Every structure is written in structure tokens, then in C-alpha cells.
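Here is the structure we will look at.
These numbers come from a predicted model, not from an experiment.
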Amino acid sequence: MALTIYNSLTRQKELFTPIHPGRVTMYVCGPTVYNDSHLGHGKTYVNFDTMVRYMRYLGYQVLYVQNITDVGHMLDTGEDRMLKGSQREHMQPMQLAELYTRHYLRDMDRLNVSRPDIQPHASGHIPEMITWIQKLLDAGIAYEVNGSVYFSVPQYKPYGKLAGRRISEAQSGTRIDVLEEKRDPADFALWKKASPEHILRWPSPWGEGFPGWHIECTVMSIKYLGQPFDIHGGGVENKFPHHECEIAQAEAATGIPFANYWIHNGMLMIRGEEMHKSLGNYVTLAQAFEHWDPMVIRFFILLSHYRGPIDFTEEAIEAATKGLQRLTNLWQELNRRASNAAEGELSSQVKGLVDHTSRSVNESMDDDFNTPEAIAALFDMTREMNGILAGESLSRASLVYARDFLVRFVGDVLGITPPQETKQGDSDNTAGLVELLIESRNKLRQAKQWALADNIRDGLLALGIELRDGSDGTSWKCLH
RNA sequence: GGCGACGUAGCCAAGUGGUUAAGGCAGGGGUCUGCAAAACCCCGACCGUCGGUUCAAGUCCGACCGUCGCCUCCA
């Protein structure tokens with residue numbers, strides 16, 4: 001089987017064929033860095049990161065580009081988000097952008113989202129944007145009015161092909177005041193003249209101003225990935241108008257297709273509603289991490305298909321926590337046993353189980369990155385492996401074979417970091433002390449001094465160390 | 001109003017034409033264990049409603065009900 005991807009452009013699953021065999025060029029719309037990242041960012045970037053990881057696992061050389069928007073865009077209230085943010089925090093706009101870029105990367109690191117290969121900042125690509133706008137003017141598909149430049153939508157026939165709309169259908173002027181200087185209500189800004197109080201401003205052939213909402217993605221993706229490139233991703237809420245405009249700008253200027261595959265991921269909801277500041281249900285990743293382990297949040301996200309919405313509820317997160325524990329318990333147990341297992345041949349039963357699971361998860365991932373189905377197969381394997389583990393002592397080779405599969409798939413592809421190894425060799429003496437207590441407790445148990453033995457176990461548990469008495473001795477793990 | 005998505009067991013969530021509808025959580029019953037934890041075994045849905053197509057439909061078509069997104073910055 002081979003990788004198939006649901007392409008928003010054609011509205012169907014298609015066999016993925018990159019432009020250059022063995023290589024993938026991919027662009028995903030990044031955040032506007034004027035505020036802390038929230039759970040919705042978490043879902044989007046975990047979704048796309050997992051795709052990148054899987055394609056790399058398949059052997060593709062992936063070039064992954066994601067922008068950082070730091071130039072500010074006009075809200076319909078006439079305000080600029082970067083400007084608003086800097087006033088709120090009493091900072092210079094670029095200082096604000098730098099601060100929240102760092103926060104964003106910090107949060108993504110905790111979710112184990114691998115960093116994009118290139119993270120171009122919009123503010124660093126103003127000259128390229130100006131050049132591109134000039135191209136559109138030269139092509140006669142854009143026009144200048146009072147120091148601003150607009151894209152003439154009626155002149156670009158394919159407009160609406162991504163979102164499935166016709167411009168005649170668009171209700172114009174119902175909810176926003178149509179700028180009188182635009183020739184058509186559907187026209188969108190490529191360059192806006194800066195008002196005197198606007199700090200974020202750059203010189204251009206049309207006077208001082210700032211770039212329009214969509215031009216940065218068109219210009220930066222093509223600059224680093226070429227035209228066309230393979231995959232363009234982003235949240236569904238950006239399908240229209242943002243992505244539609246990106247296509248229009250790119251293709252109208254050059255006559256060359258923009259991106260071959262468009263991937264849109266579903267939104268994250270909080271108790272059934274879109275997360276929105278005005279609804280008071282806005283949860284930043286930093287806040288979420290205070291309650292839940294970032295790996296639990298990542299796992300929770302992957303438990304649903306990327307294209308669907310996710311409803312973030314405490315109950316669902318709790319279920320994900322338990323499920324992940326089940327998986328990591330096996331991982332940990334394999335590690336523990338492998339460290340002192342006897343040499344021997346690879347068990348054909350284990351090999352069969354692991355190989356079967358490996359094929360199964362690959363098929364699921366090949367089918368439009370179906371992570372929930374792949375995870376179900378992992379749980380099947382977990383159950384059977386636990387059964388085997390309970391019945392016989394396996395050779396080191398068998399344990400390592402199973403463990404390495406988890407490292408490759410759960411670790412490298414799903415991006416779930418392995419359970420922490422017991423801290424042997426750490427600078428502190430925790431491991432030694434715990435082992436000593438276990439030894440003493442087991443002597444008490446042999447003497448049937450249950451109360452004292454339980455006292456030690458309860459005391460350690462209160463300190464976050466859990467003991468498990470097994471047939472082959474007592475193991476322990478830190479609970480945080 | 002226009003465009004689009006979705007509605008599967010108490011909760012979360014795969015499955016998109018064909019043997020007994022994955023998996024996780026919660027719940028119930030067992031096994032193991034001094035107890036606990038972990039683990040294993042057993043138990044649950046006829047797929048929003050109503051029609052239609054088909055030898056055969058959660059799975060395709062239509063209508064209706066409900067939820068959500070986009071149409072305005074948004075991951």
C-alpha cells in the first residue's frame with residue numbers, strides 16, 4: 001500500500017505522488033505571535049507534525065516550512081493585533097513578537113512537535129512581498145488606490161475553487177463595511193497604506209504601509225519550496241478566505257499551480273464550542289500543562305482523526321491519560337525486563353505479533369494518517385504482549401524487538417516520548433534509596449509483617465513512587 | 001441566507017457496500033496477589049429520524065431533526 005491523502009482541493013482521497021520522488025515540500029500556516037498559544041494551536045501543529053514524522057518514517061526527505069506572522073493584520077475594527085498586543089503589554093511590536101515566538105516554541109517543544117526546517121518571519125520578507133505585489137500589478141490583476149493595493153477578484157476566474165464558492169454567491173457588505181476604495185467588495189488587500197499612528201510600517205513603491213493578510217504565505221512558501229510545491233496545510237477555518245487568496249495571488253502572478261495537495265485539519269472545541277476569548281473558554285497551552293502532561297494532550301489529539309473536530313472535555317482527557325498509561329506501562333515493562341533478561345533467540349510469537357502490528361499501523365497511517373486506527377492496533381498488541389509477558393520469561397532479543405517497535409512507531413512517528421527510565425546513575429541517590437527500602441520491605445513481607453510492609457509502600461506512594469509486587473520481584477516507578 | 005462538515009454503546013472514537021460494527025475510558029463479574037497496584041479473561045451498541053437505490057447499507061441517494069465550522073481576524 002502507499003500513502004493516500006485527502007486533498008481538500010479535489011475533495012477526495014488521492015494517492016500521494018510528490019513532485020520529486022522521495023522528497024516532500026510542505027508548508028503549514030503558522031501562528032500570529034501576539035499572544036500565548038492555545039489548545040487549538042496544539043491540535044493543529046501536533047496533527048501536521050505527525051504527518052511530517054510519518055512521511056519521514058516512510059523515507060521521504062521532507063522540507064517543512066512554517067511561517068511566523070509578526071507584521072500584524074488589520075481587524076475589521078480597524079485595529080491591528082500586533083499593535084493591540086504591544087499596547088496591552090507596553091512593548092515594542094517586535095519585542096512582543098519575539099516574546100510570543102519564544103513562548104510558542106516552548107509550548108511546541110513540550111508537545112514534542114518537531115521544529116519546522118524553516119520558520120520564516122513575515123517581517124523579514126517585506127521586499128519579496130513587494131516584488132510579488134508588483135508582479136500582480138504588472139499582470140493587471142491588481143490595482144493601486146490611495147497608497148493601497150488590491151487584488152481584483154472578478155478578474156481571476158478560478159477564485160473559489162478551494163472553498164467551493166462562487167464570488168457571485170458571496171454576500172457583500174452585510175457584516176463589514178465595504179471599503180469604498182475597493183472596486184469590488186470581494187477584492188482583498190495586498191498592501192495597505194499605513195495611517196499616521198500605525199507603527200508597523202515599511203516603505204514601498206506605493207508609500208509607507210504594511211502587507212495584506214494573505215501575501216506572506218504565498219511569497220514565503222514559494223520562496224523556500226518552489227512553485228508548485230507538494231503540500232499546503234492549515235486549519236479549516238482558514239480555507240476561506242485565507243487559503244483561497246493565497247492560491248489566487250500565487251497562480252494569477254505566474255500561471256503556475258500553487259500547491260498540489262491541500263490538507264485541512266479540524267478545530268478543537270471546548271465543551272462543544274469553538275474556543276474564543278469572548279466565550280471565556282480560551283485555554284492556553286501553558287495553562288493546560290498545569291493540569292495535564294503534555295504527552296497526554298498530544299496522545300488525546302492523536303486519538304481522533306486530524307480532519308475531525310475534537311471536543312476537549314475533562315472526561316475525555318482523563319480517558320486518554322489512562323489509555324496512555326496502559327501503553328507506557330508495557331513500554332516500561334519491556335525496558336525493565338530487557339535490562340536483565342537472558343540471551344536467547346527471538347520468539348516467533350513475539351516477532352509475529354510485532355510484525356503484524358507494524359503492518360497494521362502502517363496501513364492505517366497510509367490511509368490519510370488514520371492515527372486513531374493505528375493506536376487501536378497498538379492497544380491490541382499491548383493486550384497480547386501483556387498476556388505473553390505474564391506467562392513466560394522472554395529472551396532479551398524478544399523484549400528488545402518489541403520495545404524497538406514502540407520506540408520507532410510510538411516514539412518517532414506518533415511523537416510520544418518514551419517513559420522515563422529509572423534514574424540510575426543520577427546525581428541524586430533516589431534509585432539507591434528506593435531499592436534499599438524495597439529490599440527491607442521484602443524482608444518484612446517474608447516475615448509476614450504486613451502492616452510495616454504496607455507502611456513503606458504507602459509512604460513511598462505519598463512521595464510519588466509506586467511499588468508493584470510481581471512474580472519476579474518488586475518494581476517501582478516515579479509517578480510524575 | 002449561501003457554502004461545508006458531522007450525528008456510531010454511559011463517555012471518547014475507528015469503520016464509508018458484504019462473515020460475529022475496531023480500540024480506549026468508565027461500569028459489572030472472574031483470575032493472579034498477604035493486601036494494593038499492574039496484568040489477563042468474560043459481559044454492552046444494530047449505527048439521529050423517515051423514505052429510497054441494491055441480492056446486500058452506519059457505509060450510496062433524498063428529506064427532515066440536531067450539532068458545529070466558514071462566509072469577518074482566528075490553528
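Ring centroids of A:His305 and A:Tyr6 are separated by 6.0 Å or more, keeping the two rings apart. Checked against the 6.0 Å centroid threshold, A:Tyr159 and A:Phe151 do not count as a close aromatic pair.
Contact check, A:Lys322 against B:A26: a side-chain N or O comes under 4.0 Å of OP1 or OP2. For A:Asn238, no side-chain nitrogen or oxygen approaches OP1 or OP2 of B:C70 to under 4.0 Å.
With hydrogens and angles disregarded, no donor-acceptor distance shorter than 3.5 Å links the side chain of A:Ser123 to the backbone of A:Asp70. No donor-acceptor pair under 3.5 Å is formed between the side chain of A:Thr32 and the backbone N or O of A:Tyr34. No side-chain donor-acceptor contact under 3.5 Å links A:Arg403 to the backbone of A:Asn335.
Nearest-nucleotide mapping onto RNA chain B: of A:Met269 and A:Pro241, the residue sitting toward the 5' end is A:Met269. Closest-nucleotide positions on RNA chain B for A:Met267 and A:Ala320 were compared, and the one nearer the 5' end corresponds to A:Ala320.
A:Phe300 places its CZ atom 11 Å from the C1' atom of B:C11, with the value rounded to the nearest Å. Going from atom NZ of A:Lys192 over to atom P of B:C73 covers 11 Å, rounded to whole Å. Atom CG of A:Leu39 is separated from atom C1' of B:C74 by 15 Å (rounded to the nearest Å). Per the geometry, CE belonging to A:Met365 stands 17 Å off C1' belonging to B:G15, to the nearest Å. Rounded to whole Å, atom P of B:C25 lies 14 Å from atom CD of A:Glu315. Atoms CG (A:Asp368) and C1' (B:G15) sit 14 Å apart, rounded to a whole Å. Taking atom CE of residue A:Met381 and atom P of nucleotide B:G23, one finds them 16 Å apart after rounding to whole Å. Rounded to an integer number of Å, the gap from CG of A:Asn67 to C1' of B:A75 is 11 Å.
The nucleotide whose nearest atom lies closest to any side-chain atom of A:Glu373 is, among B:G69, B:A22, B:A14, B:A14.
The gap from the P atom of B:G66 to that of B:G18 amounts to 32 Å, rounded to the nearest Å. Rounded to a whole angstrom, the distance from the C1' atom of B:A9 to that of B:C25 is 13 Å. Using C1' as the reference atom, B:A36 and B:C74 are 49 Å apart when rounded to the nearest Å. A gap of 15 Å separates the P atoms of B:C61 and B:U53, to the nearest Å. For the P atom pair drawn from B:G27 and B:G17, the interatomic distance equals 37 Å after rounding to whole Å. B:C42 and B:U54 are spaced 42 Å apart, taking the P atom of each and rounding to whole Å. B:C12 sits 24 Å from B:C65 when the P atoms are compared, rounded to a whole Å. The gap from the C1' atom of B:G44 to that of B:G24 amounts to 15 Å, rounded to the nearest Å.
Each salt bridge (Lys or Arg N to Asp or Glu O under 4.0 Å) pair with one or both residues in residues 320-337 of chain A, not counting sequence neighbours, appears once here: A:Glu333-A:Arg336, A:Glu333-A:Arg337, A:Arg336-A:Asp472. Residue pairs meeting the side-chain hydrogen bond (donor to acceptor under 3.5 Å, both in side chains) criterion with at least one member in residues 308-321 of chain A: none, sequence neighbours excluded. Counting only residues at least two apart or in different chains, salt bridge (Lys or Arg N to Asp or Glu O under 4.0 Å) contacts with residues 437-451 of chain A comprise A:Glu439-A:Lys443, A:Arg441-A:Asp469, A:Arg445-A:Asp469.
If you check every strand for non-hydrogen atoms under 4.0 Å, A:Asn370 touches sugar and phosphate atoms only. Among the protein residues, A:Gly42 comes within range of no part of the nucleic acid, since none of its heavy atoms lies under 4.0 Å from any strand. At the heavy-atom level, A:Tyr45 lies under 4.0 Å from the strands shown only through sugar-phosphate atoms. Backbone-only engagement by A:Ala163 is indicated by non-hydrogen atom pairs under 4.0 Å involving sugar-phosphate atoms exclusively. Within 4.0 Å of A:Ile317, counting heavy atoms only, lies no atom of the nucleic acid at all. Contacts of A:Glu237 with the nucleic acid, taken as non-hydrogen atoms under 4.0 Å apart, include base atoms.
The glycosidic torsion of B:G58 lies within 90° of 0, placing the base in the syn range.
Contacts with RNA chain B (heavy atom under 4.0 Å) in residues 302-310 of chain A: A:Leu303, A:Ser304, A:His305, listed by number.
Between atom CG of residue A:Leu437 and atom CG of residue A:Leu463 there is a gap of 9.5 Å, rounded to the nearest 0.5 Å.
Below 30°, between 30° and 60°, or above 60°: for A:Phe258 and A:Trp262 the angle between ring planes is between 30° and 60°, a tilted geometry. Ring orientation note: the planes of A:Phe188 and A:His214 are nearly perpendicular, at an angle over 60° on the 30°/60° scale. Note on ring orientation: taking the six-membered ring where Trp is involved, the planes of A:Tyr306 and A:Phe369 are perpendicular (angle over 60°, cut-offs 30° and 60°). Under the 30°/60° scheme for interplanar angles, the aromatic rings of A:His41 and A:His38 are found to be tilted. The aromatic rings of A:Phe210 and A:His198 sit parallel to each other, their planes meeting at less than 30°, with 60° as the upper class boundary.
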Here RNA chain B, pairs taken as Watson-Crick or G-U under 3.5 Å and shown with ( ), [ ] when crossing and | when to another strand, reads ((((((((.[[[..)..(....]]].(((((.......)))))....[[[[[..)....]]]]])))))))....

Sugar-phosphate means primed atoms, P, OP1 and OP2; the rest is base. With that split, encode nucleotides 34-46 of chain B 5' to 3' as B, S or - using protein heavy atoms under 4.0 Å. BBBBSSSS-----

